[in-house]
Number of protein chains: 2
Amino acid sequence: MTTASTGAPRWLTDEEQSVWRAYLHATTLLEDHLDRQLQRDAGMPHIYYGLLVQLSQAPGRRMRMTELAKDAKITRSRLSHAVARLEKNGWVRREDCPSDRRGQNAVLTEEGSEMLRRSAPGHVAAVRQAMFDRLTPEQVRGLGEIMRVMAAGLEPEGAGADLPWLR
Amino acid sequence: MTTASTGAPRWLTDEEQSVWRAYLHATTLLEDHLDRQLQRDAGMPHIYYGLLVQLSQAPGRRMRMTELAKDAKITRSRLSHAVARLEKNGWVRREDCPSDRRGQNAVLTEEGSEMLRRSAPGHVAAVRQAMFDRLTPEQVRGLGEIMRVMAAGLEPEGAGADLPWLR
DNA sequence: CTCATCTAGTTCAACTTTCAAGAAAGAGTC
DNA sequence: GACTCTTTCTTGAAAGTTGAACTAGATGAG
């Protein structure tokens, strides 16, 4: 799927450019902000924190590596490194999967849970202050809809999600 | 500003959680997508590409390092490394600033311009396909408004941008 | 002028991410 | 069972990022 690019490129309109710039600024500023907040208060970057949250919500507080990677939208390689680090911190433990001897479960430890309990309030406050406390309820609804549409279009599975895939 | 956190934390509602998850998924998927697209077609990650674009739009195709860092929302340190790499590729050149002997200008070279001309169409197409071609005009307008509000709240300067900063 | 202070930019070490390669186990075929 | 193909997860090196320390030049007070 090499973006056929027949004909002249359709450039962005002025409004689209402005929206795109605002999108890039807001998303990078927010990501940086959360990374620093969590690095300071929990000693890890945002994505690592997200992994612990996922685990905390999974049945048995454990998940297969591949599943966790898929849910968190990261590569298995990246997850391997991340879990190694979280393991060193004592927040996650690996265990062999009983049903598939290739498999590993990442398990949230008690220390990991405790860490989440301690840092969740500050994290939620940061998210609130950056996003939800600044938007109207209609904007929140609209943002949700927009983000779901975009995510759906980018999911690897839905290769058929390319819009006008008719000639 | 240590997020005072007096009283019980206001957790996210179900809808807010769902919006937050959708936001995280969409933004990470899109960033990954653009990083790969540009790595493949232009040989550099998205943020480096953005630096070249900024330079291409600046008067004289040159900018002071600090200004460039500010506009691109990255640290000066990161910019130093990035420019070093772009310089090695021949797309950017450093020059001493005439008016301030501490200063450096990053200058877009002819090769850099050429590279942009070659890869811009593919990049725009990717952005279009991921975002603008999937949203209605009202959604695009709404997204712009939302992102501007969020960015404004996160700008370092606007420390006074904390919403209810009255007691 | 001299001093302290600030700003511009770089550099170093520690850490994270990526990509390609690889070991090990499951699954299907003949 | 032997073969091939696939899936699961890890590893190692290269590239990128971060935060703190550092150099050099500007700036303002006395």
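- No continuous path of hydrophobic side-chain contacts links A/Leu116 to B/Leu24 [ILVMFWY only; heavy atoms under 4.5 Å].
- Rounded to whole angstrom, the span from the CE atom of A/Met44 across to the C1' atom of D/dT18 amounts to 18 Å.
- Listed here is the closest heavy atom pair of A/Thr109 and A/Gly90: OG1-O, 2.6 Å.
- Rounded to an integer number of Å, the gap from CZ of B/Arg85 to P of C/dT10 is 17 Å.
- For the atom pair CD of A/Gln129 and NE2 of A/His33, the computed distance is 5.5 Å after rounding to the nearest 0.5 Å.
- Atom-to-atom, CD1 of A/Ile47 to C1' of C/dT18 comes out at 13 Å; the value is rounded to the nearest Å.
- B/Lys88 places its NZ atom 13 Å from the P atom of D/dA14, with the value rounded to the nearest Å.
- In this structure, A/Ala22 and B/Arg148 approach most closely via the heavy-atom pair CB-CG, 4.0 Å.
- In this structure, the CZ atom of A/Arg40 is 15 Å from the C1' atom of D/dG19, given to the nearest Å.
- Once rounded to the nearest 0.5 Å, the distance linking CD1 of A/Ile74 with CD1 of A/Ile47 reads 5.0 Å.
- Between the OG atom of B/Ser18 and the CD atom of B/Glu15 there is a distance of 7.0 Å, given to the nearest 0.5 Å.
- The side chain of B/Arg94 sits closest to C/dT10 out of C/dT10, D/dG25, C/dA24.
- Here B/Met131 contributes atom CE and B/Leu34 contributes atom CG; the two are 9.0 Å apart, rounded to the nearest 0.5 Å.
- Scanning all heavy atoms of the two residues, the minimum distance from A/Ser119 to A/Tyr49 falls at OG-CE1, 3.7 Å.
- Recorded end-axis angle for the helix from C/dC1-D/dG30 to C/dC30-D/dG1 stands at 20°, based on five pairs per end and rounded to 10 degrees.
- Distances shorter than 4.0 Å separate none of the side-chain N or O atoms of B/Arg101 from OP1 or OP2 on D/dA24.
- Mapping A/Asp35 and A/Gln104 onto DNA chain D by nearest heavy atom places A/Gln104 at the nucleotide closer to the 5' end.
- For the pair A/His33 NE2 and D/dT18 P, the computed distance is 15 Å after rounding to whole Å.
- Across all their heavy atoms, A/Met147 and A/Tyr23 have their closest contact at CE-CE1, 4.3 Å.
- B/Asn105 has its CG atom 12 Å from the C1' atom of C/dA8, to the nearest Å.
- Side-chain atoms of B/His81 lie closest to D/dT17 of the nucleotides C/dG26, D/dT11, D/dT17.
- Considering only the side chain of B/Arg102, D/dA24 comes nearest among D/dA24, C/dC19, C/dG26.
- The shortest non-hydrogen separation linking B/Lys73 to A/Asp32 is O-OD2, 3.9 Å.
- Nucleotides of DNA chain C nearest to B/Asp100 and B/Arg36 differ in position, and the one nearer the 5' end is that of B/Asp100.
- Using a 4.0 Å cutoff on non-hydrogen atoms, the parts of residues 60-67 of chain B near DNA chain C are B/Arg64, B/Met65, B/Thr66, ordered by number.
- With hydrogens and angles ignored, the 3.5 Å screen pairs no side-chain donor or acceptor of B/Arg94 with any backbone N or O of B/Asn105.
- In this pair, A/His46 and A/His123 present their aromatic rings tilted. The plane angle is within the 30 to 60° band.
- Note: CG (B/Leu86) to P (D/dT17) measures 10 Å, nearest angstrom.
- Taken residue by residue, residues 72-80 of chain B places heavy atoms nearer than 4.0 Å to DNA chain C at B/Arg76, B/Ser77, B/Ser80.
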